[in-house]
Amino acid sequence: MLEILASSNHHITHLPSASNDSKPISNKPNHLQILKKCTHLIQFKQAHAQIIKTPLHQSDTYLSKLINSLVGFSDLIYARQVFDQITEPSTFAFNTMIRGYGTNDLGPEGIELYIRMRHQGLNPDNFTYPFLLKACSGLKQGKGVHSLVVKDKRFSSEIHSLTSLITFYCSFGDVGSARLLFDRMPQRNVVTWTGIITGYVKQKRYKEGIELFNQMKNNGVEINELTLVSVLSASANLGALEIGQWVHEYIDQKRILLNPKLGAALVDMYAKCGHIDKAYQVFKVLPCKGVYVWNAMIGGLAMHGYGIEAIERFWEMQRNGIKPDRITFIAVLSACSHSGLVETGNEILLSMRKDFGIEPSIKHYGCFVDMLCRAGLLNEAYEVIINMPMEPNAVLWGTLLNACAVAANVELAEAAMQRLMVLEPFNDGNYVLISNIYAAKERWNDVGRIRKILKDREISRNPGHSLIQVDNIVHEFLVGDGRHPCSEQIYDMLEKVAIIIKEWSL
DNA sequence: GTAGGGTTAG
């Protein structure tokens, strides 16, 4: 990092020299302004080296502000050196260091500092607990902080500390605890609402996320672009086009700036809700296309079977100076998989490491294996799975098992099933698949054997289901479901669709 | 000088 910065050509132009600094008090704000203008660490350090020569600038206040800037540059080592120079660090200085450690994967150091702070008789303020939570590496530690907040009467109802606790619980997947806190909060703001909504969405509890969003609207709480990103993600995954469209209109109406993340969420929503043309329309006019936006577009084209177009966008993004990341390659490889572009897929997987320096992860191999499977190259897929540099997981073996069910390949299916019985012993779908393969080969004894395993292990069969939203109502259907009032018409339509698909594939 | 975000293979 330092080397990169050192080699860049940034120079400080208007830096007053220390010898000219006859009136340090009046010059002090200028110094801080100079530091604030520095965009690179090396620049900052040069400026600081000049300023620090004046004795006044060794004051605790100055040093604390310096730490704050250094934490902004993620230079924790230097920040700590400065911190250690402070004779009597204030709560602000401690907070800043704890924040620095917490946001740079050095949580334990942050917690240690918090303990030292209390030993020195300093009281936490409303910034301390949110930062301390950032430094927690697990639910257990966070619960510890939670109890500190509860005991500290000044903050047990304070919005920042409680909101941070909510997002903390959500980030560790404990939406239940987050919700308990949320429901009991005396006051909530955008961040509180967005935090809990995002928590539900991350846990794939999209419906509950949308419900909370509706409540948020009814309560007249301000909505910002971060709220909308989560809501778009929920509607994308529910296929709830109307909610997504509502968000789009809201963005236009309120003239909310389409930043790359919001833009990507919008493109992704249209793609997942079946409107790839609309997704492309939004994509085209986005003022600022970051790597997220390209990824969403390529992924969208991939899932709609526009493999060639997806690959074209992949090259186009590079011509536009955007560097592909690991997600881009997942999208590109899935494009190859869904469009049968085996040769291209091969080249891309090799090129990832060679030309882009990105080591393929298990997800990349997952796409690659899926591509081989869909192309009917089951033996090749099996070879890749057992020779990959990492331990294959249930998804990889599951992909192969699925393909074996399509091709009625008993031998490889049994190989996959053997691993899946260990990796996913309670996944009912796997047993159903292998049993179907045996049935296709009329191996009724084996079918009975699998059925017995299911019964003995008390594996409940989870019926397949799907969701669709029409006129703001989300309808849920189970396999063979006949409960819907329009059931008959729905099945009629399904038959018609099936006929059309068959005609297409001929 | 507080807290929250998207895309990811069966």
Side-chain angles (χ1 to χ4, degrees), chain A residues 64-65 67-69 71-72 90-96 98-100 125-134 155 158-168 170-171 188-199 201-202 224-234 236-237 259-269 271-272 290-300 302-303 325-331 333-334 336-338 360-371 373-374 393-405 416 420 424 427 429-430 433:
Chain A
S64 301
K65 291 192 176 174
I67 294 172
N68 195 31
S69 302
V71 163
S90 60
T91 299
F92 170 57
F94 272 106
N95 284 349
T96 310
I98 296 172
R99 172 167 72 97
D125 62 13
N126 54 329
F127 298 89
T128 312
Y129 295 117
F131 294 153
L132 191 56
L133 281 165
K134 279 261 175 227
F155 301 113
E158 191 268 326
I159 193 158
H160 296 118
S161 300
L162 292 182
T163 300
S164 294
L165 272 168
I166 286 174
T167 52
F168 169 81
C170 288
S171 69
R188 315 176 182 111
N189 61 18
V190 216
V191 185
T192 325
W193 281 95
T194 306
I196 191 88
I197 291 172
T198 307
V201 173
K202 282 231 166 117
N224 68 17
E225 64 255 53
L226 282 86
T227 324
L228 298 177
V229 169
S230 278
V231 175
L232 281 173
S233 165
N237 286 291
N259 67 33
K261 289 184 180 185
L262 190 54
L266 205 51
V267 169
D268 180 56
M269 183 277 295
K272 287 211 170 94
V291 67
Y292 301 131
V293 176
W294 287 95
N295 289 354
M297 193 64 241
I298 296 172
M303 72 181 86
D325 65 6
R326 20 182 264 290
I327 308 295
T328 317
F329 284 101
I330 291 175
L333 286 169
S334 104
C336 298
S337 163
H338 290 278
S361 73
I362 193 151
K363 290 188 180 178
H364 297 107
Y365 278 102
C367 296
F368 190 72
V369 165
D370 187 45
M371 177 190 80
C373 284
R374 283 172 197 260
N393 63 14
V395 175
L396 272 286
W397 289 117
T399 307
L400 184 64
L401 181 64
N402 251 303
C404 290
L420 284 166
E424 276 184 341
N427 185 331
N430 298 333
L433 278 176

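Order of the sequence lines sets the chain letters (A, B, ...), proteins ahead of strands, with each chain counted from 1. Everything quoted here is computed from the prediction, not taken from an experiment.
Side-chain atoms of Thr194(A) never come within 3.5 Å of backbone atoms of Val191(A) as a donor-acceptor pair (strictly under, hydrogens ignored).
Taking only side-chain atoms of Ser164(A), from C-beta outward, the nucleotide of dG10(B), dA3(B), dA9(B) with the closest atom is dA3(B). Listed candidates were dT8(B), dG10(B), dA3(B). Nearest to the side chain of Ile330(A) is dT8(B). Of the candidate nucleotides dA3(B), dG5(B), dG1(B), dG5(B) has the atom nearest to the side chain of Thr198(A). Closest to the side chain of Lys261(A), from the set dG5(B), dG10(B), dG4(B), is dG5(B). Picking from dT7(B), dG4(B), dG10(B) the nucleotide with the shortest atom distance to the side chain of Asn237(A) gives dT7(B).
Rounded to a whole Å, the CG atom of Asn224(A) is 12 Å from the C1' atom of dA3(B). If you measure from atom CG of Leu226(A) to atom P of dA3(B), you get 12 Å, rounded to the nearest angstrom. Atom OH of Tyr365(A) and atom C1' of dT8(B) are 17 Å apart (whole Å). Distance Asn295(A) CG to dG5(B) C1': 15 Å, rounded to the nearest Å.
Using a 3.5 Å distance cut-off with no hydrogens or angles, the side chains of Thr399(A) and Asn402(A) do not pair a donor with an acceptor.
Taking a pair as Watson-Crick or G-U wobble with both distances under 3.5 Å, DNA chain B forms no stem of 3 or more consecutive pairs.
Among the protein residues, Glu424(A) comes within range of the nucleic acid bases, having at least one heavy atom under 4.0 Å from a base atom. Contact annotation for Thr167(A): backbone-only contact, meaning every heavy-atom pair under 4.0 Å involves sugar-phosphate atoms and none involves a base.
Regarding contacts with the backbone of dT7(B), a side-chain N or O of Ser233(A) is found under 4.0 angstrom from either OP1 or OP2.
Evaluation of the side chain to side chain donor-acceptor pair (under 3.5 Å) rule for Glu158(A) yields His160(A), Ser161(A) as partners, not counting sequence neighbours. By the side chain to side chain donor-acceptor pair (under 3.5 Å) test, Ser334(A) is found to be paired with no residue, residues two or more places apart in sequence or in another chain being considered. Residues meeting the salt bridge (Lys or Arg N to Asp or Glu O under 4.0 Å) test with Arg188(A), sequence neighbours left out: none. Asn126(A) meets the side chain to side chain donor-acceptor pair (under 3.5 Å) test with no other residue; sequence neighbours excluded. Not a single side chain to side chain donor-acceptor pair (under 3.5 Å) links Ser233(A) to another residue, sequence neighbours left out.
Scanning atom types as modelled, no donor and acceptor separated by under 3.5 angstrom connect the side chain of Glu225(A) and the base of dG4(B).
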